[in-house]
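Every value quoted in this text rests on a predicted model; they were computed, and no experiment measured them. Chain A is the first sequence line, chain B the second, and so forth, proteins listed ahead of strands; every chain is numbered from 1.
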Amino acid sequence: MLKYALRRGVLALLVAFTVSVATFFLLNFATDPAQALAGEDAPPEVVEQIRAQFGLDRPLVVQYASWIGALAHGDLGQSYHWRSPVGALIASHAPVTIRLALLAMAVTIGVAIPLGAIAALRPNSIVDRLALSVAVGAQAIPNFWLGLMLIILLAVKFPIFPVSGDTTWMHFVLPALVLGASSVPAVMRLTRTGLLDVLASDYIRTARSKGFRGLRLLTRHAMRNAMLPVVSVLAVQLGAKLGGSVIVESVFALNGLGRLALQSILGGDIPTVQILVFVFALTFVILTFLADLLNAWIDPRIRLG
Amino acid sequence: MKSTWNRCRSVLATAAVAAAVALPGAAGAAKSDDTLVVALQRGITSVDYLYTTKREYIILSELTDDGLFDVDPETLRIRGLAAKSWHQVDDTTIDVQVRDGIKFHDGSPLTADDVVYTYNWVLDPKSNANRSRQFAEWLASVTKTGPMSVRFKMKYPYPLALRAMGASMPLRKKSTYDGAAASGSKPLGQTLNGIGPYKVVSVEPGRKTVIERFDGYYRDSPKGRPAIRRMVFREIPDWGTQEAELMSGGVQWMYDVPYDIASTLGSSPVASALNGPSLRVGFIVLDAAGLSGKDNPLTKLAVRRAIIHAINREAIVKSIVKGDAQVIDSACHPAQFGCTQDVMKYPYDPAKARELLKSAGYPKGFTFDLWAYREKDSAEAIAADLAKVGITARLRFVQLATLDQARKKHEIQSYFGSWGSGSVADTAAIADVHWSATTDRNMSGDKQVTEYMIGAQKTVDPAKRAELYAKGLRLIAEKAYWVPLYTFSLNYLVSKELDFTPPKDGMPRLYLAKWK
């Protein structure tokens, strides 16, 4: 197990490093960080001054080597845009994203798994068709549109929730609904498919013959095996949500990692973008690893290593 | 830059809001709280304008800072702010008398020492202040001549000195940057001890900045005493969310709003859509000097003139730019000092354009690259107009940085540009960047134009300056080095409770806003 964990760890670092190199050079080719920091109409002298101040006039390879060297010594660097240490910046934005991601996952799990289970228990019935329609609908609606509609309905017309911001729990309800809804289709359909396969297997027939029916059959026998692919997908979904839901955070003006990433990209803040990419890549790899462990725990037939 | 995706988003968001406009919105409590909430797409990360440059920051700095001078919003002329009086001793020397009774937000008085400290700090390259090089270009020294008097020595006659000593140079208390000087780092800008009509209460980068009326603000300030007690600058990146906040009473002022959004919500009972001028102008720069290749058709005068005749600028303004925008004939904004409109004009005339092309040896037209980084709709309309006379404009829509790099390498035949002049109502603010001998933006190759346009910048006498600009602008128009397109307009969405007048120079001065 240790060997497996180490291998995954090294892989995670390699992925993060590759993504970081690509991000660094793509950002530098696509934008001029000094111009982005100065603003579109800044006089050339101001742009050049900013370029010199931040060492952006050095060759790109030198800039990257300097950054990676500092990182190796535990220095995450200084944000050009926010003028504060990148580590502190990420630490201050992460709680918003974590809170939003966990709430969104609760919405996803709370809606998708029961819906998938009901659809699987009554395949091709009206309930099944209805659940599928919900899934397809949720997948077709863009996040920002759903967000705006919820804002208009539940924050403007019927002012139950605040329109935007992130100071109270109430501020997270609408964004969590929107973000959670986006993962419902995948999880719901996977639950349904998994359960349909499992419900047709021999051991379930045996369980039925022993008198297990309905919810008891589902939770004690079928669900455990049907959940294996769902757990992996949930891990990826959580990774995506923790990796910063740029649109939802922007629509609801949540000051999380997604918005930080967007602001940093627009502001030419390469040190912050670099570390964020590292963090996002590592989050994905770690969550996938945890999903593997969880799958091994759920199904002892799976052996890691 | 507006991508197709953004346009779709904009249309859907507008449709969503249009649906909501039909519903009665909630009334805001801003007036009773005496708190104005301002929505910004990009937030405030620092409240120290010596270390920032973007538009949002100058809007805030107008509230929290005062410099020695500022621009009168009515006349757009320079007036004394912290400067009680000033005297032009000679072409390169200005004596300034500092106004008595001005206090910093910490209660300490403003003296000549503070003025000298601020200027010398910015002039010191170690300060890392954003405009150090700009000031060092023309300002030689700043010395104290009395407890409340200061002398400014310039390196050469610089007519924009008083403007530069306005909003660009907010005054700071002596020793403000001692910490930054010791550490060699840029100040964080999370606190501010200014002399403006508002003081900073709190800064939450990425969320909001709160300011409150400063009771110790000097009574004889030309800015006057602000009517609104408290202002909150909130970062709300999405236009749709800003609109929803406006409808629910959570926001009272939106700035630089896209026209379609402004017109939709402006017809609702909760908000007013206001439209005002901006000093931004749009134009196309043509490679008349042949920098991108000697066989470039744009080196021929008749071709350049044909291009201007072929573009229906009135139609573009009417159907695409909209609002307060106007067609321009000169290479500057009509509201700017020295921007004469008495230049050669090129009315929309496709027949004449074809005739000119024929005379230039291109009866069937030609193909060239038109680079652009913003205003894609207008650029596409221009390309379509040119196609009608046989000219194929290959639209190269890229990021600003890519365009800048290509222009530096002289790979650009023409580009669609725009310039806001930093809201400075003087032709110098656009001429310096575009017509100096060293800038790659100058694709005319005409030394005479540079002589006129940059010469005016080093001439103090206003009449002589105006004359030089007139000569330069007439030459630019006659030789068709630019295709002057149009001015831009700024759209504001404001709560019905708020009394706000759009500024003439596109620089919102919220200290003048008041509740109805």
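Across B:A429, B:P125, B:A129, B:G43, the residue that shares the most heavy-atom pairs under 4.5 angstrom with chain A is B:A129.
Taking CZ of A:F252 as the start and CD1 of B:I236 as the end, the distance is 12.5 Å to the nearest 0.5 Å. Summarising the geometry, atom NZ belonging to A:K157 is positioned 14.0 Å from atom OG belonging to B:S248; distances are rounded to the nearest 0.5 Å. Taking CD of B:E243 as the reference point, atom CG of A:L148 lies at 8.0 Å (rounded to 0.5 Å). Taking NE2 of A:H81 as the start and OG1 of B:T52 as the end, the distance is 11.0 Å to the nearest 0.5 Å. Here CZ of B:R207 is found 8.0 Å from OG1 of A:T167. Values are rounded to the nearest 0.5 Å.
A side-chain donor-acceptor contact under 3.5 Å links B:T241 to the backbone of A:V251.
Surrounding NZ of B:K155 are more than 12 heavy atoms belonging to other residues, nucleotides or ligands, all under 6.0 Å away.
A:S164 and B:R234 share a donor-acceptor pair across their side chains, judged by distance under 3.5 Å alone.
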A:Q263 vs B:R42, side chain to side chain contact (heavy atoms under 4.5 Å, CB included): CA-CA, chis, key distance, verdict: CA-CA 8 Å; A:Q263 287 163 322; B:R42 294 181 301 196; over 6 Å; no
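Counting all heavy atoms, side chain and backbone alike, A:R259 lies closest to B:G206 at NH2-O, 2.7 Å. Taking all atoms of both residues into account, the shortest heavy-atom contact from A:I151 to B:A244 is CG2-CB, 3.4 Å.
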